[in-house]
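Note that the numbering runs from 1 along the sequence shown for the chain.
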Amino acid sequence: MQNVTLNNGVRMPILGFGVYQIPPDRTERAVTDALAAGYRLLDTAAAYGNEVAVGRAIRSSGIPREELFVTTKLWVQDAPAERNAKRAFETSLDKLGLGHVDLYLMHQPFGDVYGQWRAMEDLYREGRVKAIGVANFYPDQLVDLAINNEVTPAVNQIETHPFFQRGTDQDVMREHGVQLQSWGGFAEGRNDIFTHPLLSEIAESHGKSVAQVVLRWLTQRDIVAIPKSVRAERMAENIDIFDFELTAAQMASIATLDTGTSQFFDHRDPAMVVRLGRVRLSD
């Protein structure tokens with residue numbers, strides 16, 4: 001496994017396993033299979049509703065805690081956001097059954113972002129989390145948070161795949177020392193990604209699958225990827241991407257697929273801000 005080094009010196013695997021949209025009753029089995037396949041970065045969130053199952057799989061695996069990199073995420077909190085963010089963190093930690101998490105992300109750029117970030121900074125200083133970051137922040141939001149707070153986000157997890165490549169975002173993140181992490185790396189199958197002619201041709205030239213090409217494309221751009229699957233054979237396939245390299249010409253050809261727009265929804269759409277900003281989680 002290759003690693004990236006975050007802006008505070010913490011090392012993070014460049015390829016991990018995500019559990020978004022995996023039902024809680026299937027999550028423990030999926031994470032168990034992922035750990036058996038060699039994944040050591042696990043990505044969950046309070047909003048996914050499966051932290052308990054992730055924790056059970058970790059405990060039953062027998063893998064030493066220091067060998068794992070566990071991420072979870074803070075959902076939008078009511079006022080007082082600072083106090084409620086700390087309460088939400090304790091809830092997540094209790095559900096996971098862990099003494100700390102390796103990365104804690106602010107899941108959405110909504111609500112009292114500054115209050116939530118102050119709470120996350122406190123958790124970081126206390127050693128409850130090894131690194132803190134954000135998700136779904138556009139460059140202007142990210143820079144505003146970075147330059148007006150003591151701790152710069154270590155990670156920004158955003159939609160990134162061949163049809164929405166986020167090159168400008170990555171340039172800004174590099175300037176400020178923030179690691180780009182992809183969610184939706186396979187675009188959830190949109191645009192027939194798994195049978196796309198260009199990606200299929202590249203895959204065939206390497207004796208690999210389209211999924212492996214996409215993950216290799218992400219990691220060659222120094223982007224952390226967290227593919228999801230509930231099939232053990234697909235998990236094994238997805239992690240088997242470090243024995244080949246895409247050529248400069250192939251990287252350039254994939255760059256032509258960028259539409260520059262989300263394949264899902266825009267976090268700057270006022271209707272989406274209202275929709276996500278009003279959602280609250282119950283403990």
Side-chain angles (χ1 to χ4, degrees), residues 1-4 12-22 30 33-34 37-43 71 135-136 138-139 155-174 178-267:
M1 178 58 63
Q2 298 175 5
N3 296 280
V4 298
M12 177 183 189
I14 200 167
L15 185 66
F17 184 73
V19 297
Y20 174 57
Q21 291 184 329
I22 300 181
D33 289 342
Y39 294 89
R40 293 297 179 264
L41 162 59
L42 302 174
D43 182 278
T71 300
N136 301 306
Y138 275 86
V155 169
N156 186 17
Q157 186 183 114
I158 58 176
E159 176 191 350
T160 313
H161 48 72
F163 309 120
F164 194 25
Q165 300 188 11
R166 314 305 287 269
T168 299
D169 297 66
Q170 189 172 21
D171 289 341
V172 172
M173 289 185 216
R174 282 177 172 147
V178 181
Q179 173 65 48
L180 196 165
Q181 183 177 26
S182 159
W183 67 256
F186 297 142
E188 294 189 4
R190 285 167 168 76
N191 297 340
D192 297 321
I193 190 171
F194 296 115
T195 56
H196 191 282
L198 173 60
L199 298 173
S200 296
E201 180 182 350
I202 294 172
E204 185 176 354
S205 73
H206 291 282
K208 293 289 186 176
S209 69
V210 167
Q212 288 170 314
V213 166
V214 170
L215 293 173
R216 186 62 189 165
W217 169 77
L218 285 167
T219 57
Q220 276 188 222
R221 291 182 59 202
D222 298 320
I223 295 172
V224 176
I226 45 171
K228 174 199 73 176
S229 179
V230 294
R231 296 166 52 190
E233 64 274 17
R234 184 61 57 80
M235 297 175 196
E237 176 186 300
N238 288 345
I239 204 172
D240 183 24
I241 64 165
F242 299 107
D243 60 350
F244 77 107
E245 186 170 325
L246 301 177
T247 67
Q250 289 170 337
M251 294 292 286
S253 66
I254 294 174
T256 66
L257 302 179
D258 192 9
T259 67
T261 59
S262 171
Q263 299 297 297
F264 302 97
F265 54 83
D266 186 349
H267 280 81

Nearest-0.5 Å distance, [atom1] of residue [X] to [atom2] of residue [Y]:
X      : Y      : atom1 : atom2 : result
Asn3   : Met12  : CG    : CE    : 10.0 Å
Ile223 : Leu15  : CD1   : CG    : 12.5 Å
Gln212 : Phe244 : CD    : CZ    : 6.0 Å
Phe17  : Leu41  : CZ    : CG    : 11.0 Å

My understanding is that only residues two or more places apart in sequence, or in another chain, count here; which of them pass side-chain contact (heavy atoms from CB on, under 4.5 Å) with Ala203? Val210, Val213
Spell out, as yes or no, whether a donor-acceptor pair under 3.5 Å connects the side chain of Gln2 to the backbone of Asp222. no
Can you tell me which residue among Asn156, Asp266, Val172 is in a side chain to side chain contact (heavy atoms under 4.5 Å, CB included) with Tyr138? Asp266
Within the 3.5 Å criterion, strictly below it, is a donor on [X] or [Y] matched to an acceptor on the partner's side chain?
X      : Y      : result
Arg216 : Gln220 : yes
Gln250 : His206 : yes
Ser209 : Glu237 : yes

Test side-chain contact (heavy atoms from CB on, under 4.5 Å) on Arg221 and Leu246 and set out the steps. CA-CA 11 Å; Arg221 291 182 59 202; Leu246 301 177; over 6 Å; no
Heavy-atom check, side chain of [X] versus side chain of [Y], under 4.5 Å:
X      : Y      : value
Ile226 : Tyr20  : no
Arg174 : Leu180 : no
Glu159 : Arg166 : yes
Trp217 : Met251 : yes
Tyr39  : Asn238 : yes
His161 : Asn191 : no
Lys208 : Ile202 : no

Could you give me the CA-CA distance, side-chain angles and deciding distance for His267 and Ile158, then say whether side-chain contact (heavy atoms from CB on, under 4.5 Å) is met? CA-CA 10 Å; His267 280 81; Ile158 58 176; over 6 Å; no
Of the non-hydrogen atoms in [X] and [Y], which two are nearest, and what is the gap between them?
X      : Y      : value
Ser182 : Leu218 : OG-CD1, 4.0 Å
Ala211 : Phe186 : O-CE2, 3.5 Å
Ala225 : Leu215 : CB-CD2, 3.9 Å
Pro227 : Gly16  : CD-O, 3.1 Å
Ser229 : Met235 : O-CE, 3.2 Å

Apply side-chain contact (heavy atoms from CB on, under 4.5 Å) to the pair Val4 and Val224, showing each step before the final yes or no. CA-CA 8 Å; Val4 298; Val224 176; 3.8 Å; yes
Could you go step by step and tell me if Leu199 and Ile254 meet the side-chain contact (heavy atoms from CB on, under 4.5 Å) rule? CA-CA 8 Å; Leu199 298 173; Ile254 294 174; 4.0 Å; yes
Can you classify the ring geometry of His196 versus Phe163 as parallel (below 30°), tilted (30 to 60°) or perpendicular (above 60°)? tilted
CD of Glu201: more than 12 outside heavy atoms within 6.0 angstrom? no
When you check the gap from the basic side-chain N to the acidic O, do Lys228 and Asp43 get nearer than 4.0 Å? no
